[in-house]
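Below is one structure, written out as structure tokens, with a few remarks after it.
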Amino acid sequence: MLQITYLREHRDTAITGLHKRGLQDAVQLIDRALEIDQLRRTAQARADELRALSNAESKKIGELMKAGKTEEAHALRQRVAQWKDELKKLEDNLAQYEEELRLHLYKIPNVPAQAVPAGKSADDNINVHQHGAIPVLPAGALPHWDLIKKYDIIDFELGNKITGAGFPVYKGKGAKLQRALISFFLDEAEKAGYSEMMPPHLVNEASGYGTGQLPDKEGQMYCVTADQLYLIPTAEVPITNLYRDTILNEQDLPVKHVGYTPCFRREAGSWGAHVRGLNRLHQFDKVEIVQIRKPEESYRALDEMCAYVQSLIEKLELPYRKMLLCGGDMGFNSAMTYDMEVYAAAQQRWLEVSSVSNFETYQANRMKLRYRDSKGKIHLLHTLNGSALALPRIVAALLENNQDEKGIRIPKALIPYTGFDRIS
RNA sequence: GGAGAGGUGUCCGAGUGGUUGAAGGAGCACGCCUGGAAAGUGUGUAUCCCGUGCAAGCGGGAUCGCGGGUUCGAAUCCCGCUCUCUCCGCCA
């Protein structure tokens, strides 16, 4: 969530920024936050005053008791007791305002960075870089959902039987390909300075709030109600939350982690004709990179992460483009996001395989993730993350782009991991 | 799942109602001592909020797992929750 101190000092900047998201009621949202904040501060000032008074008098009672002046102590005690109701009321008010402010701030999305273009939808995203030739497929080329059947490597029917739609079963070389990609991505990330984490696949409620999946987006997560745990929609959630409620020392920074996890998404209401096959799943595999950075370094880190992700796609020999998301297409928590899209030649579509975001202090503020500078001052940190990479659409593009009459060619970089150079 | 024990500051650890934000120790930082270091010695060493100030700071409030209660006053008493540890059970 946004910092209330930031809103106090930069109300207009925040409003201008939020308008880039197409947020019509930015003014009302922010002014309401400032209004609650004002009420809260007034309430706190009064409560503090009364508490100070009552603390001082209580102390006197103790001293009088010690001195044996029980009568005076008794009189004072009655006097102090009379403030109790008022104090209780003030404290209730204060707690109410604090809660109200917190809930209200949860409703306000992050303010897009300066460089983020205004826009409504994906149509307004900007293609900032494109790489690789668009493949021309031979006649009779198949989309990946046909290829996986032809070579019997991924089985939706079986997944449907044991679980449900959107939970495919990977078989034989299909399974091996998954493992190969995961290992390849992890090894590459390690070489790039990311230390590996293998976190739990279920998280508690506090973690959901920390990275911004909760409140309001619980519809996107599977929930284990018996234990009030959530299946992670991305490794971002457990890995970033490792640092919830921590104050890092300057020498601990930057933090760079990579983790592989399966990701579980309900994707409620987002199914349609264009999400066939591997394009959208309820469970998929993803390797995620996470960085925690000092504010002044975070945009450099964003570029670094993008460059890293691009290098991965290039090693897989897939054509891709890099999109700077417009305000309206960015996630709620993000200040700036680049999407990497690979071209799937049979579908003739660009598929998003990575989303690299800088959240600035938005998550850190929720999580109380801070660092102590060399002077001992404490500051919120910036959090960033990116897919590096999400597997299903990579697999879709690999299958479609690399098909010929003899089978599917495996890119060179991957062969040491698959142990085969062709699926046939 | 059953029984018991316990959650205090960076760490260890004292503390069963009244200047206790919290003894003592360790660690760490700075100073003294030293040719330098160790030892010794002195000082300091949590976070959040409100107010004030350009700032360093200063004043006030809150926080001893979390939430509630009793009380003029709670780390200390009561209730609920949660987590950890030990034993038993179960088990990859």
Side-chain angles (χ1 to χ4, degrees), chain A residues 1-9 33-106 198-210 214 224-230 238 241-253 255 361-381:
Chain A
M1 61 184 153
L2 296 170
Q3 297 165 81
I4 189 65
T5 46
Y6 163 81
L7 291 179
R8 269 185 226 151
E9 285 161 31
L34 293 172
E35 193 184 329
I36 303 168
D37 179 50
Q38 191 52 55
L39 289 168
R40 175 189 131 257
R41 286 196 284 167
T42 310
Q44 170 153 3
R46 279 212 301 261
D48 282 356
E49 214 176 309
L50 193 56
R51 275 195 286 221
L53 192 61
S54 142
N55 285 346
E57 298 298 88
S58 289
K59 208 168 273 181
K60 271 188 213 160
I61 293 173
E63 281 158 15
L64 288 171
M65 301 275 279
K66 257 187 194 159
K69 299 177 184 170
T70 48
E71 228 159 89
E72 284 178 57
H74 192 71
L76 192 53
R77 184 188 295 178
Q78 283 190 322
R79 195 136 46 86
V80 175
Q82 288 172 351
W83 300 337
K84 244 194 121 173
D85 280 349
E86 193 185 348
L87 185 57
K88 179 96 175 87
K89 206 177 287 173
L90 284 172
E91 283 175 341
D92 286 351
N93 274 342
L94 181 58
Q96 196 188 313
Y97 288 137
E98 280 171 351
E99 175 72 353
E100 201 177 335
L101 181 59
R102 196 173 57 87
L103 294 177
H104 185 78
L105 287 174
Y106 279 149
M198 197 180 270
H201 300 163
L202 280 79
V203 292
N204 57 27
E205 221 175 342
S207 296
Y209 275 95
L214 296 175
V224 181
T225 50
D227 300 288
Q228 205 47 48
L229 295 171
Y230 295 87
N241 272 286
L242 295 173
Y243 294 88
R244 175 152 45 83
D245 293 317
T246 41
I247 299 176
L248 293 167
N249 291 315
E250 203 166 10
Q251 62 267 25
D252 300 329
L253 294 164
V255 170
T361 59
Y362 197 86
Q363 293 181 327
N365 188 38
R366 291 178 154 218
M367 272 195 277
K368 308 248 181 303
L369 165 52
R370 294 159 293 168
Y371 84 104
R372 202 186 308 272
D373 70 20
S374 50
K375 288 178 189 140
K377 276 250 183 200
I378 287 170
H379 313 271
L380 286 174
L381 282 158

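The analysis underlying the following values was restricted to heavy atoms, covering all of them including side chains, and did not include hydrogens, waters or symmetry mates. Reminder, nothing fancy here: chain letters follow the sequence lines and each chain counts from 1.
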Exercise for the section: Answer yes or no: is there a side-chain heavy-atom contact under 4.5 Å between A:Asp373 and A:His379? Expected result: yes
Exercise for the section: Using the C1' atom on both, measure B:U47 against B:A22 and round to a whole Å. Expected result: 15 Å
If you restrict it to nitrogen or oxygen atoms, what contacts under 3.5 Å exist between nucleotides 29-31 of chain B and the protein, and what is each distance?
none

Fill in the blank from the handout: Per the under-4.0 Å heavy-atom filter, residues of residues 37-48 of chain A near RNA chain B come out as A:Arg40, A:Arg41, A:Gln44, A:Asp48
Handout entry: Protein-to-nucleotide contact annotation, 5' to 3' order, nucleotides 67-84 of chain B [B base; S sugar-phosphate only; - none; under 4.0 Å, heavy atom]
Key = --S-BBS-----------
Practice task
Look at atom CD of A:Glu71 and say whether more than 12 heavy atoms of other residues, nucleotides or ligands are closer to it than 6.0 Å.
Solution key: no
Exercise for the section: Could you work out the separation of B:C28 and B:C12 based on their C1' atoms and round it to a whole Å? Expected result: 15 Å
Completion exercise
Distance col, row A:Lys368:NZ vs A:Leu380:CG, nearest 0.5 angstrom, shows 8.5 Å
Problem - A:Asp85 CG: over 12 foreign heavy atoms closer than 6.0 Å - result: no
Problem - Pairing of A:Glu72 and A:Lys60 as salt bridge, 4.0 angstrom limit - result: no
Practice task
Please state the P separation for the pair B:G9 and B:U82 - nearest whole angstrom.
Solution key: 22 Å
Problem - Gap in Å between the two C1' atoms, one belonging to B:A74 and one to B:G15, rounded - result: 13 Å
Handout entry: Neighbour count above 12 (heavy atom, 6.0 Å) for A:Glu49 CD
Key = no
Exercise for the section: Remember a base hit wins even if backbone is also touched, and classify A:Arg8 as base, sugar-phosphate or nothing at under 4.0 Å, heavy atoms. Expected result: sugar-phosphate
Handout entry: Stepwise side chain to side chain donor-acceptor pair (under 3.5 Å) check, A:Tyr106 with A:Arg102
Key = CA-CA 6 Å; A:Tyr106 279 149; A:Arg102 196 173 57 87; 3.1 Å; yes
Exercise for the section: Any chance you could measure A:Leu87, atom CG, to A:Leu94, atom CG, to the nearest 0.5 Å? Expected result: 10.5 Å
Problem - Contact under 4.0 Å: A:Lys377 side-chain N or O vs B:A56 OP1/OP2 - result: yes
Problem - Spacing of the P atoms in B:A39 and B:G27 (rounded, Å) - result: 8 Å
Handout entry: Gap separating the CG atom of A:Leu90 from the OG1 atom of A:Thr42, nearest 0.5 angstrom
Key = 11.5 Å
